[in-house]
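Below is one structure, written out as structure tokens; the observations come after it.
Chain identifiers are assigned alphabetically (A, B, ...) following the order of the sequence lines, protein sequences preceding nucleic acid strands; residue numbering begins at 1 within each chain. Atoms considered below: every heavy atom in the structure, side chains included; atoms not considered: hydrogens, waters and symmetry mates.
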Number of protein chains: 2
Amino acid sequence: MVRMSLRHAVLGLLADRTASGYDLMKLFDTSLANVWPATQSQVYGELGKLAGSGLIEVSAEGPRGRKDYAITKRGLDELRSWLIDTEPDRTRRSETLLRVFFLGVLTPVESVTYLSVEAARAAGEHAELERLDAQVDWGDDHLSVYGRLALEYGLRLTAMQEEWASWARDQVGELT
Amino acid sequence: MVRMSLRHAVLGLLADRTASGYDLMKLFDTSLANVWPATQSQVYGELGKLAGSGLIEVSAEGPRGRKDYAITKRGLDELRSWLIDTEPDRTRRSETLLRVFFLGVLTPVESVTYLSVEAARAAGEHAELERLDAQVDWGDDHLSVYGRLALEYGLRLTAMQEEWASWARDQVGELT
DNA sequence: ATTGTACCTTCCACTCTTGACAGGTCAATC
DNA sequence: GATTGACCTGTCAAGAGTGGAAGGTACAAT
């Protein structure tokens with residue numbers, strides 16, 4: 001039990017409102033898609049474990065075997081304690097950057113192509129996020145207020161990535 | 001065998017020069033620390049598998065059981081093919097951002113503190129990278145040329161993170 | 001001569017993540 | 001009445017990553 005952010009992601013979502021595993025999956029695939037992706041197996045598994053340890057509980061049962069979960073007092077304590085008392089794991093892996101390290105085995109022309117594609121990809125993602133920003137109806141609930149901060153991070157990140165990739169492309173271009 | 005970037009990280013390092021597992025670990029702990037961290041167990045395990053499949057080979061044996069590995073023709077082909085023909089996995093997880101999503105369970109003051117710490121952390125990392133940049137003797141080999149591009153990415157990323165965290169802190173501050 | 005330190009490899013137990021599979025129910029439409 | 005599609009929960013196998021333990025060798029300095 002070293003880290004387990006997934007556990008806290010589920011707790012965090014349930015802190016906003018009760019939800020079933022199905023509901024949570026939709027949130028993971030939309031709001032949290034670019035922050036903490038998770039699969040069904042993980043979510044349902046985690047719900048079972050969390051319920052077993054009393055951090056959440058079944059608050060209602062609906063049709064089709066639907067189970068609504070609600071966070072408990074202990075769960076909320078655990079979530080707050082995670083936010084305040086523990087340091088985030090900042091281990092980052094970037095396959096894109098890993099490839100940059102090894103661009104030397106390609107020809108300069110091939111490297112320039114790689115970085116151009118990367119710049120275009122970042123630009124595309126940036127545009128996509130801007131579209132999302134304009135489209136989303138930002139409410140006043142927790143997830144909206146702070147979710148917007150997260151979206152802004154995405155906007156700034158993709159903008160930075162595009163600038164960097166363009167710059168890097170030019171740097172490599174000068175080698176030819 | 002879906003992704004396995006670690007395999008290609010090892011191949012990429014060996015494309016620059018021959019190395020033992022011990023040598024590779026030093027590279028993983030320095031050059032690649034912020035790009036693709038790996039543990040001993042992973043590296044030695046991967047070396048065994050790569051040698052077994054003929055992508056690398058033992059080029060020399062030294063004292064203390066040291067084995068120097070060199071990339072083979074097939075290994076280089078595999079590396080090039082990975083760089084050119086396959087799309088990087090861009091799945092990103094950010095525990096820091098995940099926490100931002102759930103800042104709503106804290107008081108605004110606690111949230112401001114969290115974001116302030118985050119800004120300071122980014123600033124500190126940025127300064128550290130600048131120090132590294134000035135200190136490193138950038139040579140002409142592959143890892144240096146392209147490693148420098150990666151470092152520049154880190155500089156821009158940490159600068160962006162500091163600006164974002166400061167901005168977000170002010171945003172939340174306005175709620176009080 | 002001992003001792004400390006750097007060197008060097010290998011194995012194991014555990015958690016996290018992925019992807020696929022399996023199964024069942026309700027509501028509306030044709 | 002049958003089909004379709006959205007709803008909803010669960011399990012399993014395998015890969016990837018973590019952390020640590022174990023064990024041994026060469027070398028230099030005291």
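DNA chain C is contacted by both D23(B) and S5(A); D23(B) maps to the nucleotide lying nearer its 5′ end (nearest heavy atom per residue).
One interatomic measurement links the two molecules: CG of L6(B) to C1' of dT18(D), which rounds to 13 Å at whole-angstrom precision. Between the CE atom of M25(B) and the P atom of dG17(D) there is a distance of 13 Å, rounded to whole Å. Counting to the nearest Å, the P atom of dC8(C) and the CG atom of L47(B) are 13 Å from each other. Regarding M4(A), its CE atom lies at a distance of 14 Å from the P atom of dG19(D), rounded to whole Å. Q40(A) places its CD atom 15 Å from the P atom of dC12(D), with the value rounded to the nearest Å. Rounded to whole Å, atom P of dC8(D) lies 9 Å from atom CG of D68(A). In this structure, NZ of K67(B) is placed 15 Å from C1' of dC7(C), rounded to the nearest angstrom.
The side chain of Q42(B) contributes an N or O atom lying less than 4.0 Å from OP1 or OP2 of dT18(D). Side-chain nitrogen and oxygen atoms of Y22(A) include at least one within less than 4.0 Å of the OP1 or OP2 phosphate oxygen of dC7(D). Contact annotation: R93(A) side-chain N/O to dT18(D) OP1/OP2 distance is under 4.0 Å. Regarding contacts with the backbone of dC8(D), every side-chain N or O of K26(A) stays at 4.0 angstrom or more from both OP1 and OP2. Proximity of R66(A) to the phosphate of dC8(D): a side-chain N or O atom is located under 4.0 Å from OP1 or OP2.
E57(B) has no carboxylate O lying under 4.0 Å from a charged side-chain N of R74(B), or vice versa, which leaves the two without a salt bridge.
Heavy atoms only, all atoms of each residue included: L13(A) and F102(B) are closest at N-CE2, 3.7 Å.
A side-chain donor-acceptor contact under 3.5 Å links S53(B) to the backbone of K49(B).
Nucleic acid contact class of S20(A) (heavy atoms, under 4.0 Å, all strands): sugar-phosphate only.
A donor-acceptor pair shorter than 3.5 Å cannot be found between the side chains of T96(A) and R92(B).
Nearest to the side chain of S41(A), among dT25(C), dT18(D), dG19(C), sits dG19(C). The side chain of W36(A) lies closest to dT17(C) when the candidates are dC8(C), dT17(C), dC26(C). Which of dT18(D), dC8(C), dT9(D) sits closest to the side chain of T39(B) comes down to dT18(D).
If you take CH2 on W82(A) and CD on E95(B), they are separated by 5.5 Å, rounding to the nearest 0.5 Å.
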